[in-house]
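Single-structure report; data block below.
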Amino acid sequence: MQFADIIIPLGVENFFTYSVPTEYEGTVAVGGLVVVSFVKNKRYTGVVYALHSNPPVGFETRPIERVIEEGFALSASHLKFLLWLSEYYMAPPGEVTRAALPVAMRLESYTSLCLAADWQEDGTGGVELSLMEREVIGVFRQNGEICMAEVEKLLRRKDVYVAVRSLLEQGIIQVKESVDDLFKPKLERLVRWARVFSGEELGKIIDSLKRAKAQQKMLCDWIMYCDEHHTDSLPKAEFTGVIGNSTAALKGLCERGVLEVATIEVSRLDSTGEEVQEMHALSGEQERALEQVRGHFKERDCVLLQGVTSSGKTEVYIHLIEETIRQGKQVLYLLPEIALTVQIVKRLRRVFGDRVGVYHSGMTDSARAEMWRRQNGENPYPVVLGVRSSIFLPYRNLGLVIIDEEHEASYKQKEPAPRYHGRDAAIMLGKMNGAKILLGSATPSFESYQNAMSGKYGFVELTTRFGEVMMPELMFVDVKEYRRKKMMKGSFTPVLYEEMKRVLERGMQVILFQNRRGYSTFLQCNHCGAILKCKHCDVSMTYYRFRNTLNCHYCGSLRPVPTVCEECGQGHYVNRTPGTERIEEEVKQYFPEARVARMDLEVMSNKVKFRALIEEFEAGNLDILIGTQMVSKGLDFERVKLVGVMDADSLVSFPDFRAEERAYDMLMQVSGRSGRKGEQGKVVIQVADRENRVYRLVEKGSFHGFYSFLSREREMFHYPPFSRLIQIELRHVNEYSLRNAANELARKLRERLERRVCGPAEPEVARVRKMYRIQVLIKAEQGLSLSKLKTFIRQKCDELLKGESGKGLKVYFDVDPL
DNA sequence: AGCACGCCGACT
DNA sequence: GTCGGCGTGCTC
């Protein structure tokens with residue numbers, strides 16, 4: 001008898017052993033996809049992890065029900081890659097598999113029931129049927145093939161299970177498991193109103209839910225969400241994320257007939273029929289860069305290409321892609337976010353036409369499945385352009401991996417698990433496939449730059465902007481000074497105000513950049529502008545108003561707010577929290593003529609609104625665009641002559657050891673928006689903390705200087721790239737139990753890891769959906785065995801979970817957190 | 001993930 | 001007492 005260990009694509013830790021029916025022996029292979037029943041008669045697509053002949057003890061195995069053929073199997077190297085990911089990021093294989101297989105391929109069946117074909121009305125075989133049983137039969141007669149939940153709904157009661165069960169046993173009804181074909185337009189689950197409710201009705205329902213607090217909360221949140229987003233339905237996955245993830249509450253609301261989970265068909269993807277054009281000729285510098293990249297690839301797998309904005313990195317990529325596919329090999333081109341880089345898709349398609357496949361989260365499930373199948377088949381796209389999840393597609397003979405904007409934090413997946421880094425995973429994918437890897441950025445991550453400087457990666461630079469585009473003029477303006485002189489116009493220094501006026505008078509455009517601050521607030525001296533930092537970690541401390549204390553997000557230390565400024569001894573600390581809405585109001589006040597628009601998260605989340613706004617601005621129907629981070633990326637506007645950074649201090653003062661690195665990047669990106677062809681643009685950067693070293697380093701304009709200056713500190717404090725970090729997050733409903741558990745864990749870990757253990761420290765958002773969170777950070781210096789370390793950590797966490805303080809405790813790992 | 005089981009608090 | 005909500009554990 002043969003057995004197969006199967007990975008079920010759920011967040012479960014273990015493998016599950018199934019028996020291989022004799023007719024499938026030889027067909028079932030490691031990496032293959034199989035259909036198995038798991039819990040009751042629910043079916044899942046699983047991945048074969050191993051085949052063996054050791055009968056498991058302690059439970060009966062169930063048979064594999066079906067083997068999925070037709071080119072859906074994972075290759076050995078694909079499976080190996082997924083298992084590496086699971087191991088490295090301390091994520092259960094099931095979780096990784098769930099991320100790797102498009103939803104449409106993770107079929108799960110809905111157990112449906114119907115009347116047995118051979119059953120006849122009068123042929124009760126002498127057995128008396130109960131009233132309930134007869135009612136159930138009636139329902140089936142009317143509705144044909146339906147599932148349990150529907151029987152319950154139609155009969156408006158929940159105790160039908162016994163009757164259905166009994167009917168099943170008598171053979172009057174039968175289970176009909178329909179396993180859908182993998183290609184059939186797959187269905188998406190949608191949460192929506194069961195019917196239309198009036199406000200009055202909703203009020204009554206909310207009142208009636210007094211005893212069901214979770215349901216009440218969920219319903220209220222849902223009503224608010226619908227109002228805000230002008231919608232009345234939401235895919236279930238999103239619903240779980242945005243509204244709440246209590247399945248019990250959702251179920252309750254469905255049973256009450258308030259909401260329903262409907263199954264909706266989703267459509268397929270389109271293809272481009274664009275004319276293929278010649279590649280652009282490279283400039284001298286680009287040609288030289290390309291030559292250097294080729295040279296490095298002869299000896300090394302990875303090359304870092306650092307190119308200032310508009311230096312034409314993409315053109316270099318295009319030439320490398322062309323060479324690679326000419327050799328019959330595949331290319332993976334990774335981007336941090338597809339939405340803002342439509343231009344790249346266009347450029348690639350202009351040269352490579354239909355040889356470019358695009359893969360991103362905006363695609364429908366079936367489209368993703370189709371892409372997956374195509375890549376696994378005879379005629380895969382030679383070039384895949386996509387976001388981080390593209391690493392999960394099958395690759396035949398990968399020759400080149402390009403990771404554009406490799407420093408972008410959005411490469412790191414946070415929720416849902418697995419928490420992997422798209423860049424690092426892609427590097428590993430490339431290595432496992434013997435491909436070359438090209439990392440590109442204007443402001444590389446310290447990790448990659450360190451690798452380049454140490455000689456592990458090849459390093460190539462592009463230092464001049466392409467064409468007649470000049471670098472903009474940077475002006476740092478001291479807000480503090482004008483504030484003292486009472487010369488501020490709201491949030492505008494006279495310098496920024498005058499520059500804006502000048503640009504607007506010429507009919508040109510302005511972008512104002514206001515950093516989105518997340519939840520944390522920091523304290524700044526109202527006299528000298530100094531920002532309060534932690535004494536041990538060199539990150540700004542987070543201010544908690546209700547406790548009036550300062551908390552270090554990294555080492556966990558707490559301290560009261562000093563009454564006078566520790567730097568100048570004169571001013572006192574004030575809370576800083578600006579916002580884009582206020583800036584908009586001020587603009588309207590000071591520039592009543594100007595046409596203003598705000599681009600924030602709301603606009604960003606709506607594709608139609610976003611595109612409309614960009615078009616308006618491009619067409620010159622808007623004069624001023626106010627935005628957060630997003631305006632710093634990918635958007636090129638001809639007529640923008642001025643970029644104003646409202647409050648650069650908020651970039652620098654994030655409670656994070658990477659804050660300065662990110663601030664540097666953002667200032668560079670923002671500057672890149674100003675002044676395109678011919679004319680030099682201006683960037684006005686308003687700062688209070690004028691002495692901050694980041695500004696000095698930005699002014700000097702040398703990335704290398706910036707890196708060498710800050711990397712010494714990173715090394716001293718044992719931060720990446722000189723150490724690896726593993727973050728352990730504990731969650732619990734009870735704050736005290738959580739603290740106890742965290743302290744116990746930290747103590748256990750310290751027994752062996754000693755000073756490598758930091759914390760427990762409270763995260764910025766200390767409570768999420770009723771769960772308190774706390775984090776323990778492990779710093780592993782170079783040379784320490786990561787796999788041994790992870791085993792040790794996991795072992796200690798398991799001990800904790802099994803012990804007294806493990807009740808109700810949840811443990812999450814984040815390897816290489818950002 | 002989703003289902004059964006069991007605890008606990010409200011209500012006849 | 002009993003009913004129903006909500007947290008916990010398990011699934012081959």
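Basis for what follows: all heavy atoms, side chains included, without hydrogens, waters or symmetry-related copies. Just so it is clear, the structure is predicted and the values come from calculations on it, not from any experiment.
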Exercise. Within the structure shown, what part of the strands sits under 4.0 Å from A:Ala212 by heavy-atom distance: base, sugar-phosphate, or nothing?
Worked result: sugar-phosphate
Seminar exercise, completed: Note: for A:Gly808 and A:Arg211 on DNA chain C, the residue whose nearest nucleotide lies more 5' is A:Arg211
Problem set entry | Side chains of A:Ser37 and A:Arg62, donor plus acceptor under 3.5 Å | yes
Exercise. How long is the line joining NZ of A:Lys217 and P of C:dC6, in whole Å?
Worked result: 13 Å
Problem set entry | Aromatic centroids of A:Tyr89 and A:Phe813 separated by under 6.0 Å | no
Problem set entry | Under the side-chain hydrogen bond (donor to acceptor under 3.5 Å, both in side chains) test, residues paired with A:Lys251 that sit two or more places apart | none
For this session: Find the distance A:Phe239:CZ to B:dG2:P and express it as a whole number of Å.
Result: 14 Å
Exercise. Can A:Arg211 and A:Gln216 be counted as having a side-chain donor-acceptor contact under 3.5 angstrom?
Worked result: no
Side-chain donor-acceptor pairs of residues 790-800 of chain A under 3.5 Å, sequence neighbours excluded:
from, atom 1, to, atom 2, distance (Å)
A:Lys790, NZ, A:Tyr88, O, 2.9
A:Thr791, OG1, A:Ser787, O, 2.7
A:Glu799, OE1, A:Lys748, NZ, 3.2

Seminar exercise, completed: From CG of A:Leu209 across to C1' of B:dA10 the rounded distance in Å is 15 Å
Exercise. Is the shortest distance from a Lys or Arg side-chain nitrogen in A:Glu762 or A:Arg773 to a carboxylate oxygen in the other one below 4.0 Å?
Worked result: no
Seminar exercise, completed: A:Lys251 atom NZ is separated from C:dG7 atom C1', nearest whole Å, by 14 Å
Exercise. Is A:Asp814 salt-bridged to A:Lys412, cutoff N-O under 4.0 Å?
Worked result: yes
Problem set entry | Nucleic acid contacts of residues 82-96 of chain A, taken as heavy-atom distances under 4.0 Å to DNA chain C | none
Problem set entry | Counterpart residues, side-chain hydrogen bond (donor to acceptor under 3.5 Å, both in side chains), relative to A:Glu95 (two or more places apart) | none
Exercise. Between B:dG2 and A:Lys236, is there an OP1 or OP2 to side-chain N/O distance shorter than 4.0 Å?
Worked result: yes
I'd like a list of close polar pairs between nucleotides 10-12 of chain C and the protein, N/O only, cut-off under 3.5 Å.
from, atom 1, to, atom 2, distance (Å)
C:dC12, OP2, A:Arg62, NE, 3.3
C:dC12, OP2, A:Arg62, NH2, 2.7
C:dC12, O3', A:Thr17, O, 3.1
C:dC12, O3', A:Arg62, N, 3.1
C:dC12, O2, A:Thr17, N, 2.5

Determine all donor-acceptor pairs shorter than 3.5 Å in which one atom belongs to a side chain in residues 72-84 of chain A; sequence neighbours excluded.
from, atom 1, to, atom 2, distance (Å)
A:Ser75, OG, A:Ser77, OG, 3.4
A:Ser75, OG, A:His78, N, 3.1
A:His78, NE2, A:Phe392, O, 3.0

Exercise. In whole angstrom, what separates A:Ile7's CD1 from B:dA1's C1'?
Worked result: 17 Å
For this session: For A:Leu253 and C:dG5, give me the distance from atom CG to atom C1', rounded to whole Å.
Result: 12 Å
